[in-house]
Amino acid sequence: MAENLTPPSNFVQNAIDEDLKNGKYTEGIHTRFPPEPNGYLHIGHAKSICLNFGLALANGGKCNLRFDDTNPTKEDVEYVDSIQEDVKWLGFSWEDRKFYASNYFPQLYEYAVELIRRGKAYVCDLSAEQIRAYRGTLTEPGKESPYRNRSLNENLDLFARMKQGEFPDGSHVLRAKIDMASPNITMRDPVIYRISHTSHHRTGDEWCIYPMYDFAHPLSDAIEGITHSVCTLEFEDHRPLYDWLLDSLGFDPTTRPRQIEFARLNLTNTVMSKRKLRQLVEGGYVSGWDDPRMPTISGLRRRGYTAASIRDFCERIGIAKSNSLVDVAILEHCVREDLNVNADRVMAVLHPLKVVLTNYPVGKTEHLLAENHPTRGGHHYVPFGRELYIDQADFMEDPPKKFFRLKPGGEVRLKHAYIIKCEEVVRDAAGQIQELHCTYDPESKAGGATASRKIKGTLHWVEASSALPAEVRLYDYLLTTDTDGEVADDFLSALNPKSLTVIQDALIEPAVRWTAAGTHYQFLREGYFCVDKDTTPDHLVFNQVVGLRDSWAKAQKG
RNA sequence: UGGGGUAUCGCCAAGUUGGUAAGGCACGGGAUUCUGAAUCCCGCAUUCGUUGGUUCGAGUCCAGCUACCCCAGCCA
């Protein structure tokens, strides 16, 4: 991670600096990334991962990976595996610190018992509906539960029997005894343990009571020695409870963890909620969680986004507390910048148009030297012959002004090869353009007598007999956006019907035949592409990562 | 009409104790170019949601107002 050693300042780092200055956390900074294993990670999680691991790195501290697996009804090992793969791929390491909230169930249980002993928790027999009714509303205080003042022994006994499995789901809960009249609804005697006879993906049937997030999280943080517990804005109201719990259980205020909230990521042309992403997958609108149009880490990876570009993106967008909507153009800029430096260049023709060089010897083949990269060097050979293909978009019979490509009677340079001139447009019986007859300037190849002739346009091309057929998948935004960059609430209505275009008959130079899935290329003058996992040597498949900036297309539009 | 937050250029976002608005993306112009790419210059907030106040001086302090976000799961 050498891309930026001095990350921009943000308010979380400022808070850490302040703490350190005040002599807090002398043991060092310790953060954590705490996903619930109930879905795949997306670019929003990447922001949190980069923040938490980045903060640790920047402060000589540590960052744990902790699965927040306190709700077995929603979680699965499938997700714990994918989450680990994604965090690793992003380039971060939790070293030997992979934890699970479920590892702490025994300790958490003891803390709950201790809370009861201190008169700060009670077993409540109200039903879920009753608890809701007793809770009050945003503007009206709640009512105290009739079970609020049970004796200590009764509470201890009931809680033990909850654990023992004596009661059915929903019959009892353990609640913190705080303040039913608090203007902060989170503090109105929140439920901290519920009964759920559900087997857990790690602890099996060992437990039938499970702690709630609000109880498990601060204590898990404290158990692991977390100093800064960074979470998103919606937990701001929960911070008083976070502190209350740690206070009530007697954790030292100078060393215990501190919760700090930041704004989650929103991206234009994208939805980020797990619910909506799941809907896209389950509704068959995309091919899966790793569909290259998805904002999931696995989707971005398959699309061809690099880990470095995602890290760079997370750094550029910054960390703050205001809700924001980041332009996806920044993400695209980040991959382009990475791939421009790191991707080898290759020629591929997406929409082939045949070109015959009438003055080129029949049967002759040359192998021309082509640079792999304009600045990094390296070369490979590309075959050249009498019959070629160029892109349909690179020829116009009646072009507009400043069209630097091929036109009747016009000249153009073929990249790495010769200058050619369009002599004749050959049509089929229906009047459709069938092929172009051109002549080439034999001395215009690199090193030749006329090589330095100034020709305005340079085209990419492919030699007909050696070109490999390829499947190329072009992508556009999955979702359309209104003028504010916002996706409609009814996001399925915003689905872009043209988000995927599959080109089955593209042609690519043969150098690429044995390429491996995951390899990045720049298709000259087209964009950046990544070899898809569906590829085989006999059927090459490429995903478009992002197109090149195109000032010509922009000028045509505007 | 309760509580918690946020408001600095089209989009993000720095602005430590008040001293006279960083940077990135986008955009516009030019140079360069065997990728209309990349690269390189240059331009891009007399103004910080708004109204007042304090001060020699306020994005930064005070007061009022407005807009937007979050909270009434035995989800996280």
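Every chain is numbered from 1, with letters handed out A, B, ... down the list of sequences. No experiment lies behind these values; they were computed from the predicted model shown.
Among the atoms of the strands shown, base atoms are found under 4.0 Å from some heavy atom of A:A446. Heavy atoms of A:H416 sit under 4.0 angstrom from at least one base atom. When heavy atoms are screened at a 4.0 angstrom cut-off, A:L265 is found touching no nucleic acid atom at all. When heavy atoms are screened at a 4.0 angstrom cut-off, A:S127 is found touching base atoms of the nucleic acid. When heavy atoms are screened at a 4.0 angstrom cut-off, A:S324 is found touching the sugar-phosphate backbone but no base atom. Counting non-hydrogen atoms under 4.0 angstrom, A:K454 reaches the backbone sugars and phosphates but no base. Among the protein residues, A:M212 comes within range of the sugar-phosphate backbone only, with heavy atoms under 4.0 Å from sugar or phosphate atoms but none that close to a base. Using a 4.0 Å heavy-atom cutoff across all strands shown, A:R135 reaches sugar-phosphate atoms only and no base atom. At a threshold of 4.0 angstrom between heavy atoms, the contacts of A:H172 with the nucleic acid are absent. A:F235 comes within 4.0 angstrom of a nucleotide base, judged by non-hydrogen atoms across all strands. At the heavy-atom level, A:E140 lies nowhere under 4.0 Å from the strands shown. Note on A:R345: a base of the nucleic acid sits closer than 4.0 angstrom, heavy atoms only. Among the protein residues, A:A320 comes within range of the sugar-phosphate backbone only, with heavy atoms under 4.0 Å from sugar or phosphate atoms but none that close to a base. Looking at heavy-atom distances under 4.0 Å, A:N14 makes contact with sugar-phosphate atoms alone, never a base.
Taking side-chain N and O atoms only, A:S196 has no distance below 4.0 Å to OP1 or OP2 of B:C74. Within the structure, a side-chain polar atom (N or O) of A:R194 is placed less than 4.0 Å from OP1 or OP2 of B:A76. The phosphate of B:G15 (OP1 or OP2) has a side-chain N or O of A:S9 nearer than 4.0 angstrom.
In B:G73 the O4'-C1'-N dihedral to the base is within 90° of 0, which defines a syn nucleotide.
In the region residues 369-380 of chain A, proximity to RNA chain B at under 4.0 angstrom, judged on heavy atoms, holds for A:P374.
Considering only the side chain of A:E36, B:C75 comes nearest among B:C75, B:C71, B:A14. Nearest nucleotide to the A:E236 side chain, out of B:G4, B:U35, B:A76: B:G4. Looking at the side chain of A:I317, the nearest of the listed nucleotides B:C12, B:A72, B:G15 is B:C12. Nearest to the side-chain atoms of A:T139 among the listed nucleotides B:A38, B:U33, B:G2 stands B:G2. The A:F404 side chain lies nearest to B:G36 when the options are B:C74, B:G36, B:A76. For A:W552, counting side-chain heavy atoms from C-beta on, the closest listed nucleotide (B:G36, B:A14, B:A37) is B:G36. Listed nucleotides: B:C12, B:C74, B:C34. Nearest to the side chain of A:V326: B:C12. Set against B:C74, B:U6, B:C12, the side chain of A:K321 has B:U6 as its closest nucleotide. When each of B:C75, B:U6, B:U35 is scored by its nearest atom to the side-chain atoms of A:S322, the top-ranked nucleotide is B:U6. With distances taken from any side-chain atom of A:I330 to the nucleotides B:A76, B:C25, B:G3, the minimum falls on B:C25.
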Report, one pair per line, the protein and nucleotides 66-69 of chain B atoms (nitrogen or oxygen only) whose separation is under 3.5 Å.
| from | atom 1 | to | atom 2 | distance (Å) |
| --- | --- | --- | --- | --- |
| B:C69 | O2' | A:N323 | OD1 | 3.4 |

I'd like a table of atom pairs between the protein and nucleotides 26-30 of chain B - only N or O on both sides, under 3.5 Å - with the distance next to each one.
| from | atom 1 | to | atom 2 | distance (Å) |
| --- | --- | --- | --- | --- |
| B:C27 | OP1 | A:K554 | NZ | 2.5 |

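Residues forming a side chain to side chain donor-acceptor pair (under 3.5 Å) with A:H197 (at least two apart in sequence, or on another chain): none. Legend: residues meeting ring-ring contact (aromatic ring centres under 6.0 Å, His included) with A:F491, ordered by chain and number and at least two apart, are absent. Residues satisfying the side chain to side chain donor-acceptor pair (under 3.5 Å) test with A:S551, not counting sequence neighbours, are none. A:E234 is linked by a side chain to side chain donor-acceptor pair (under 3.5 Å) to A:T232, A:R264, counting only residues two or more places apart in sequence or in another chain. With sequence neighbours excluded, the residues forming a ring-ring contact (aromatic ring centres under 6.0 Å, His included) with A:F167 are A:H172, listed by chain and number. Qualifying ring-ring contact (aromatic ring centres under 6.0 Å, His included) partners for A:Y521, counting only residues two or more places apart in sequence or in other chains: none. A search for ring-ring contact (aromatic ring centres under 6.0 Å, His included) contacts involving A:Y418 returns A:F384, A:Y440, not counting sequence neighbours. Under the side chain to side chain donor-acceptor pair (under 3.5 Å) criterion, A:Y134 pairs with no residue at all, not counting sequence neighbours. In this view, A:E78 satisfies the salt bridge (charged side-chain N to carboxylate O under 4.0 Å, His left out) rule with no residue, not counting sequence neighbours.
The 5' end of RNA chain B is approached more closely, in terms of each residue's nearest nucleotide, by A:E337 than by the other of A:E337 and A:Y528. When each of A:V173 and A:F403 is assigned the nucleotide of RNA chain B with its nearest heavy atom, A:F403 is the one assigned upstream, toward the 5' end.
Checked by atom type and distance alone, the side chain of A:T481 pairs as donor or acceptor with a backbone atom of A:N269 at under 3.5 Å.
A donor-acceptor contact under 3.5 Å is not formed by the side chain of A:E526 with the base of B:U35. Within 3.5 Å, a donor on the side chain of A:D237 pairs with an acceptor on the base of B:G3, or the reverse. Judged by atom type and distance alone, A:R405 reaches the base of B:G36 through a side-chain donor-acceptor pair under 3.5 Å.
Ring pair A:W207/A:Y109 is tilted by interplanar angle, where 30° to 60° counts as tilted. Between A:F235 and A:H238, the ring planes are perpendicular. Angles over 60° get that label, and only those under 30° would be called parallel. Note: A:Y242 and A:H217 have tilted aromatic rings, judged against thresholds of 30 and 60 degrees for the angle between ring planes.
One can place NZ of A:K415 at 13 Å from C1' of B:G36, the figure rounded to the nearest angstrom. Straight-line distance from the CG atom of A:L241 to the P atom of B:G3: 19 Å, rounded to whole Å.
Nucleotides B:C62 and B:U55 are separated by 12 Å at their C1' atoms, to the nearest Å. Spacing between B:A21 and B:G64 at atom P, rounded to whole Å, works out to 30 Å. Between the C1' atoms of B:U20 and B:G3, the separation comes to 38 Å (whole Å). Spacing between B:C69 and B:C74 at atom P, rounded to whole Å, works out to 25 Å. B:A22 and B:C48 are spaced 14 Å apart, taking the C1' atom of each and rounding to whole Å.
Minimum heavy-atom separation, A:R148 to A:I178: NH2-O, 3.3 Å. The two atoms that bring A:A112 and A:Y193 nearest to each other are CB-CE1, 3.7 Å, heavy atoms only.
Checking A:D68, A:T203, A:D69 one by one against A:S102, the side chain to side chain donor-acceptor pair (under 3.5 Å) holds for a single residue, A:D69.
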